[in-house]
Amino acid sequence: MWHCDSTDQTCNYANPEASCSLVGTTFYDVASLGSGSGVAATVGFGGIQAHSGAFDNEWTNMPGVMGMGYPGIAGVWTENTVFTSWVAAGDLKAVFGMCIQGDNGHMTLGEVDSTYFTGSLVYTPVIYQAWYVLDMVDLAVSGHSVGLPSSYYNKIGPAGSQGTILDSGTNTFVIGGEAYTRVQAAMVAGCDSNPLHGVCDVAANATIFSGACFAMTEEQIAAYPPVGVELSNTGLLTIGGAEYLIPHPEKQGHYCMGIQSSGPNGFTILGNVFQSGFYVVFDQENNRLGFAPVQNCN
């Protein structure tokens with residue numbers, strides 16, 4: 001049996017400081033690509049059998065996790081990931097593409113599929129090869145910086161290679177407490193011209209930023225302003241309310257804030273709320289990640 005205590009503060013939308021525990025068994029199987037391709041490898045999978053303190057969070061209803069990181073992060077478990085095992089076995093390039101939208105998604109192994117994005121891919125270097133650690137330059141609301149230095153966002157990884165990470169296993173968009181406060185302040189400041197439902201029409205301590213969820217129409221969701229992340233060499237990569245307002249898991253038609261605080265002096269994780277606006281290319285061969293506006297992911 002393995003046991004994991006999560007302290008990454010993504011356990012509960014209403015209580016960002018909460019931690020949760022996961023308990024499960026490691027399973028092993030042979031993973032193959034296609035019939036007769038010769039690409040097969042014995043891999044380990046972490047199965048989640050029970051969790052605690054994790055209401056309405058990323059682990060609820062999740063049976064397990066399959067890693068797609070660099071071999072360095074797999075070394076924590078003394079195993080390659082499924083993907084790196086296939087690459088090591090041959091016949092597959094160390095690149096894959098992925099899009100995530102709602103309950104749907106597509107993954108392309110060994111190549112880039114242009115049918116899932118529009119325009120051109122923009123690339124940013126991976127500065128530490130275990131997780132996908134990236135250099136984050138800025139965070140903006142409606143195209144305007146929230147005014148924090150780049151060092152605020154880059155806190156994960158060893159000294160000299162600290163950055164933010166892009167992680168589809170984190171299904172919110174996690175930012176530090178001060179950044180979270182400034183994103184909220186930017187939306188509140190626009191209430192006179194753009195009275196957002198769940199921000200401008202409720203008490204200051206009961207907004208969507210306080211963990212409350214609200215019934216919303218498509219028009220109300222679309223009124224939420226773009227939130228942008230600038231990574232090294234990318235310019236602003238923006239998502240709108242349709243991406244960062246996420247459906248409540250139990251109340252149909254209700255939406256919650258998918259941008260989450262990691263607390264005072266907290267870290268940044270570009271989870272799949274952020275990724276849902278893009279087709280993302282994980283190019284391990286060239287140690288870079290690519291982004292382009294998503295299309296046809298459903």
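Owing to the predicted nature of the structure, the values given are computational and were not obtained by experimental measurement.
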Assert yes or no for the condition that the ring centre distance of Phe214 to His254 is strictly below 6.0 Å. no
Filter on ring pair (Phe, Tyr, Trp, His ring centres under 6.0 Å), then keep only pairs touching residues 223-247, sequence neighbours left out; what's left? none
Indicate, with yes or no, if the rings of Tyr132 and Tyr128 have centres closer together than 6.0 Å. no
Please examine the side chains of Ile208 and Val202, heavy atoms only from C-beta on, and report whether any two atoms are closer than 4.5 Å. no
Of all residues at least two apart in sequence or in a different chain, which pass the ring pair (Phe, Tyr, Trp, His ring centres under 6.0 Å) check with Tyr255? none
Flag if over 12 foreign heavy atoms under 6.0 Å of CG, Asn104: yes
Is there side-chain contact between Val294 and Gln101, with at least one heavy-atom pair below 4.5 Å? yes
Within the 4.5 Å heavy-atom criterion, are Cys213 and Lys251 side-chain neighbours or not? no
Heavy-atom closest pair (Asn233 atom, Pro125 atom, distance to 0.1 Å) is ND2-CD, 3.8 Å
Shortest non-hydrogen contact from Ile156 to Thr268? CD1-O, 3.7 Å
Does atom CD of Glu218 have more than 12 heavy-atom neighbours from other groups under 6.0 Å away? no
Taking side chain as C-beta onward, heavy atoms only, is Ile175 less than 4.5 Å from Leu139? yes
Got Ser150 and Met136 here, is their nearest side-chain heavy-atom distance under 4.5 Å? no
Kindly assign one of parallel, tilted or perpendicular to the pair Tyr116 and His106, based on the angle between their ring planes and the thresholds 30° and 60°. parallel
Residue list, ring pair (Phe, Tyr, Trp, His ring centres under 6.0 Å) with Tyr153, at least two apart or on another chain: none
